[in-house]
Amino acid sequence: MNENLYAQFDMRFPADASACFLSCSDGRTLTFDGLRARTAQVANLLRRLGAQPGDRIAAQVEKSLDAVTLYLGCLRAGCVFLPLNPAYQMGELAHLLGDARPTVLVTAPQRAAMCKTLAAETAIAQVVEMADDGSGEFRDRVARESTNCLTAERSGGDLAAILYTSGTTGRAKGAMLTHRNLAVGTRVLHTQWGFRPGDVLLHILPIYHFHGLFVALHSALYNGNTVLFETRFDAAQAIGLLAHSTVVMGVPTHYARMLAEPALDAAACQGMRLFISGSAPLLPSVFRAFQERTTHTILERYGMTEGGMFVSNPYDGERRCGTVGKPLPGIALRVADAQDRPMPPLGIGNIQVKGESVFAGYWRLPEKTAEDHTVDGYFRTGDLGMLSEDGYLTIVGRDKDLIISGGLNVYPKEIEDVIDGLPGVRESAVVGVPHPDFGESVTAVVVLDHHASPPSAEQVALHVRNRLAAFKVPRQVYFAEELPRNAMGKVQKLALRQQYGAAQSA
């Protein structure tokens with residue numbers, strides 16, 4: 001059996017291949033028949049450009065129909081897909097391209113000159129241009145290729161993609177994902193989230209990231225259903241499309257912005273069966289407000305670039321606010337101490353996972369791969385969490401975000417939850433900044449809800465003092481219009497530590 005991921009999708013395409021696969025916001029559509037033809041042409045072009053099975057194909061392009069067929073055509077050619085954030089600039093690209101050494105780089109015309117310079121420095125053989133709407137050189141060259149193509153034979157252990165981690169705590173590392181990793185993860189989610197004939201996925205995520213490219217698109221491909229493919233997220237537009245959708249996958253920011261629209265109500269969601277949130281913590285206030293407005297309970301789950309989804313709240317069962325649910329089938333998960341020993345329920349420790357969907361290691365970094373795995377094969381996620389008595393996982397934060405103040409461990413999430421419960425607060429982030437006596441000083445950055453009476457810095461600190469131990473009370477409280485986030489909605493705490501650490505030392 002060919003374990004090429006594309007071949008596994010193709011076997012599950014609908015019997016009526018004239019059915020619509022992608023319906024794009026720019027008016028373009030692609031049937032499953034069209035998908036087969038277009039991906040064959042892409043695979044043939046990549047081979048013409050000199051790409052061999054196992055070669056890396058880099059894509060720094062915007063979300064478009066053509067970007068999807070580039071990815072799937074790359075799989076058909078047996079190559080390894082390397083999606084790159086379109087926001088990356090020269091310094092970031094130099095590191096990533098120099099590390100991955102792709103054979104082909106597909107990029108936007110406005111970045112072509114820079115990319116050709118980098119290509120000459122990193123021995124990239126071909127640079128091909130794709131405009132933000134998918135038009136241009138790449139599309140033109142694809143159109144000249146044959147629609148006949150044999151999908152390359154791949155084993156489950158062969159690489160399908162390399163995704164570079166966000167690099168929020170250091171230089172980005174390439175997570176190697178095999179055909180088996182991705183196939184196993186897709187099959188589990190298909191079952192656990194109840195995908196069925198007739199589902200329609202509203203796709204509002206970027207596709208250079210695991211969530212949008214693999215979790216969302218793979219679910220639709222494996223289920224053989226239609227995708228309403230929005231190249232840009234617009235809350236009002238998304239709410240209008242709910243009437244034609246059954247499933248939405250988003251990040252907390254998407255749900256917060258939809259809640260700001262008066263049109264979001266139970267009537268707008270009456271055909272929906274599932275809202276899923278991930279990539280960043282969902283505020284309890286957003287969880288509850290969405291439930292009240294729509295009668296739908298958002299399903300929150302947990303995963304990461306190094307292996308996709310590890311944990312999920314149940315499709316049938318209690319979706320518990322503030323948690324990400326229970327380990328998915330095939331995932332062994334434990335919360336462990338510094339010696340990799342399992343913690344008792346409610347004990348806070350490092351989240352560690354093991355399973356067939358967990359990545360194959362970091363590209364060209366065997367020492368880092370070994371460092372991040374335990375002797376018994378668990379991957380150290382770097383996230384801190386605790387398990388309830390009945391197995392629900394709560395994420396406490398990143399281990400690198402742990403604050404040690406006066407020799408005592410302070411978990412930012414605990415303080416953030418308290419501050420977020422204060423009337424007049426929209427959200428908060430707690431970080432540790434250098435302190436001459438305590439080592440680190442607990443510092444809160446608060447975003448106010450301007451529709452309510454805002455608290456003062458003193459009131460924020462008093463609110464925490466009345467609920468938590470004194471060593472957890474923020475010594476400094478700052479107010480900001482918004483928190484810095486990456487494209488997937490994660491708060492950039494390194495940026496906060498740098499900004500407010502500098503402010504305190506000034």
Side-chain angles (χ1 to χ4, degrees), residues 166-171 252 280-281 283-285 322 335 337-338 343 346-351 380-386 394-450 452-486 489-506:
S166 60
T168 54
T169 56
R171 177 149 278 196
L283 289 173
S285 59
V335 173
D337 63 16
M343 299 285 290
L346 305 183
I348 295 174
N350 190 282
I351 301 168
R380 299 183 176 103
T381 65
D383 287 325
L384 297 171
M386 64 178 179
T394 298
I395 308 296
V396 175
R398 292 288 293 172
D399 58 1
K400 293 181 174 62
D401 294 334
L402 174 69
I403 302 166
I404 303 177
S405 184
L408 299 171
N409 289 351
V410 178
Y411 299 98
K413 183 68 164 56
E414 181 183 24
I415 305 169
E416 291 162 358
D417 285 346
V418 171
I419 295 174
D420 292 347
L422 181 63
V425 171
R426 192 170 83 207
E427 61 177 333
S428 64
V430 172
V431 296
V433 301
H435 189 279
D437 294 326
F438 295 98
E440 288 185 295
S441 174
V442 179
T443 300
V445 183
V446 178
V447 178
L448 297 174
D449 178 359
H450 295 297
S453 177
S456 65
E458 292 76 15
Q459 288 171 319
V460 171
L462 180 61
H463 182 73
V464 177
R465 186 178 297 279
N466 288 337
R467 288 159 177 81
L468 298 176
F471 70 88
K472 300 177 183 179
V473 176
R475 292 178 173 271
Q476 297 84 22
V477 177
Y478 297 96
F479 295 99
E481 284 300 311
E482 59 183 16
L483 300 176
R485 282 184 159 83
N486 65 16
K490 289 186 174 69
V491 175
Q492 304 292 76
K493 290 200 169 180
L494 177 60
L496 291 175
R497 285 193 291 270
Q498 292 171 338
Q499 178 180 350
Y500 293 100
Q504 291 182 36
S505 61

Partner residues of D337 under the side chain to side chain donor-acceptor pair (under 3.5 Å) criterion, sequence neighbours left out |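 Checked D337 against side chain to side chain donor-acceptor pair (under 3.5 Å); matches are R341.
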Looking at residues at least two apart in the chain, or sitting in another chain, which of them share a side chain to side chain donor-acceptor pair (under 3.5 Å) with R467?
->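 Side chain to side chain donor-acceptor pair (under 3.5 Å) list for R467, sorted by chain: H463.
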[Y] and [X], any side-chain heavy atoms less than 4.5 Å apart:
X    : Y    : answer
V460 : I419 : yes
Q492 : N486 : yes
D420 : P284 : no
V445 : S428 : no
V446 : Y478 : no
V335 : I348 : no
V473 : L468 : no
R497 : D401 : yes

For [X] and [Y], which heavy atoms make the closest approach, and how far apart are they?
X    : Y    : result
K493 : P412 : NZ-CB, 3.6 Å
M343 : G349 : CG-CA, 4.4 Å
A429 : V491 : CB-CG1, 4.2 Å
L496 : P484 : CD2-CD, 3.6 Å
A461 : P474 : CB-O, 4.3 Å
A280 : P252 : O-CG, 3.3 Å

Trace of the side chain to side chain contact (heavy atoms under 4.5 Å, CB included) decision for L483 with V447 = CA-CA 7 Å; L483 300 176; V447 178; 3.8 Å; yes
Candidates K413, K472, E416 - the one meeting side-chain contact (heavy atoms from CB on, under 4.5 Å) with V430 |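 That would be E416.
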Which of these passes side-chain contact (heavy atoms from CB on, under 4.5 Å) with E440: L402, I404, V410, V431?
->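 By the side-chain contact (heavy atoms from CB on, under 4.5 Å) criterion, E440 pairs with just one of L402, I404, V410, V431: I404.
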Any chance you could measure N350, atom CG, to T381, atom OG1, to the nearest 0.5 Å?
->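 Output value for this atom pair is 5.0 Å.
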Stepwise, does the side chain to side chain contact (heavy atoms under 4.5 Å, CB included) test hold for I415 with V464?
-> CA-CA 7 Å; I415 305 169; V464 177; 4.3 Å; yes
So, Q476 and T443: side-chain donor and acceptor under 3.5 Å apart, yes or no?
->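 Side-chain D/A pair, Q476 to T443: present.
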List the steps and the verdict of side chain to side chain contact (heavy atoms under 4.5 Å, CB included) for R485 and K490.
-> CA-CA 5 Å; R485 282 184 159 83; K490 289 186 174 69; over 6 Å; no
